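The structure appears below as structure tokens.
If you're wondering where the values come from, they're calculated on a predicted model, not measured in any experiment. One is the number of the first residue; the rest follow in order along the sequence.
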Amino acid sequence: MEHRIAEGVMEELEAQSEVWNHTFRFITSMSVKCAVELGVPDAILAHGGAATLPQLAAALSLPPARLAALRRLMRMLVQAGCFAKQEDDVYALTPWSRLLVSSKHTAAAPFVVGMLQSWHSLGAWFHGRAPTPFAAAHGKGIFEMASDSRLVGQAMVKKHAESVEGCNTEWRKNFTDAGFSSYTIEGMGLRSLIEVYP
């Protein structure tokens with residue numbers, strides 16, 4: 001009898017652990033979204049690729065009362081690998097946080113924010129008419145928005161990188177089919193630089 005009670009208690013504890021695990025699993029992705037919305041990657045880049053916490057707070061125009069919260073946010077993001085922490089509490093960009101810098105042609109920041117906003121009202125989406133949670137949050141589907149994305153253009157260039165020197169007519173068709181209104185191709189020897197403008 002005591003063995004069954006112990007098993008029941010253990011089963012309930014494991015179930016509670018699963019509930020807590022799934023409840024708090026969102027913290028990392030929401031921390032990344034917060035960093036993007038605050039402009040942390042841009043602020044670090046503006047300081048030469050590394051910045052102290054006070055430098056970040058000043059660059060982000062945060063009130064002094066939020067310095068401790070910024071420290072916790074950065075600690076979470078360092079643990080996740082988004083940023084690197086150097087000596088003397090200096091924070092630096094990592095390869096994947098460089099993708100979150102808004103001025104980069106491969107900026108993933110809009111995608112991160114857009115995707116995470118889509119999930120905030122998932123329950124309400126079930127009662128609505130939008131075809132997807134993303135469309136409910138943004139007014140159009142992910143593929144419609146993707147045709148406006150610089151990241152999609154970069155992915156397309158990487159996919160076709162071996163044939164960059166290929167026929168200009170083929171590239172014009174590729175970009176037109178993807179929904180891009182204009183583009184330029186500049187020769188660079190073995191490869192070309194292709195910029196896409198939505």
Which pair of non-hydrogen atoms, one from Leu56 and one from Ala43, has the smallest distance, and what is that distance? CD2-CB, 3.8 Å
Is it true that, when you exclude Glu12 itself, more than 12 heavy atoms of the residues, nucleotides or ligands shown sit nearer than 6.0 Å to its CD? no
Please report the shortest heavy-atom distance between Leu70 and Ala57, naming the atom on each side. CD2-N, 3.9 Å
Please check if the side chain of Thr23 supplies one atom and the backbone of Val19 the other of a donor-acceptor pair under 3.5 Å. yes
By the side-chain hydrogen bond (donor to acceptor under 3.5 Å, both in side chains) test, which pairs, at least two apart or in different chains, include something from residues 109-119? Ser118-His138
Tell me, yes or no, whether the heavy-atom count around Gln79 atom CD, taken from other residues, nucleotides or ligands under 6.0 Å, exceeds 12. no
Same apolar cluster: Phe134 and Phe126, side chain cutoff 4.5 Å: yes
If you count every heavy atom of other residues, nucleotides or ligands that lies below 6.0 Å from Glu11 atom CD, does the total exceed 12? no
Is there a donor-acceptor pair closer than 3.5 Å between any side-chain N or O of Thr94 and the backbone N or O of Gly81? yes
Least distance between heavy atoms, Trp125 atom then Pro133 atom: NE1-N, 3.4 Å
Are Leu77 and Leu62 co-members of a hydrophobic cluster defined by side-chain heavy atoms under 4.5 Å apart? yes
Could you go step by step and tell me if His120 and Met30 meet the side-chain contact (heavy atoms from CB on, under 4.5 Å) rule? CA-CA 11 Å; His120 282 288; Met30 294 309 293; 3.2 Å; yes
Go through Glu18 and His22 one step at a time and tell me if the side-chain contact (heavy atoms from CB on, under 4.5 Å) criterion holds. CA-CA 6 Å; Glu18 282 295 311; His22 291 290; 3.2 Å; yes
One should read off an interatomic distance between Leu38 CG and Lys33 NZ, to the nearest 0.5 angstrom, of 10.0 Å
Side chains of Leu13 and Gln16: closer than 4.5 Å at any heavy-atom pair? yes
Exercise: identify the closest heavy-atom pair between Ala80 and Trp96: O-CZ2, 3.9 Å
Joint hydrophobic cluster, Met76 plus Val90, side-chain heavy atoms closer than 4.5 Å: no
Where at least one partner belongs to residues 53-66, residue pairs that pass side-chain hydrogen bond (donor to acceptor under 3.5 Å, both in side chains), sequence neighbours excluded: Thr52-Gln55
Does a side-chain heavy-atom distance below 4.5 Å link Val40 with Phe83? yes
Smallest separation among heavy atoms of Ser29 and Leu116, with atom names: O-CD1, 3.2 Å
Decide yes or no for Leu53 and Asp89: does some side-chain heavy atom of the first lie under 4.5 Å from some side-chain heavy atom of the second? no
Grab the two heavy atoms, one from Pro41 and one from Leu100, that are nearest each other, plus how far apart they are. CG-CB, 3.7 Å
Rounded distance [0.5 Å steps], CG in Leu93 versus CG in Leu99: 10.5 Å
Applying a strict under-4.5 Å side-chain criterion to I, L, V, M, F, W and Y, I'd like to know whether Leu73 and Val78 cluster together. yes
Taking atom OG of Ser97 and atom CD1 of Ile44, what is their separation to the nearest 0.5 Å? 6.5 Å
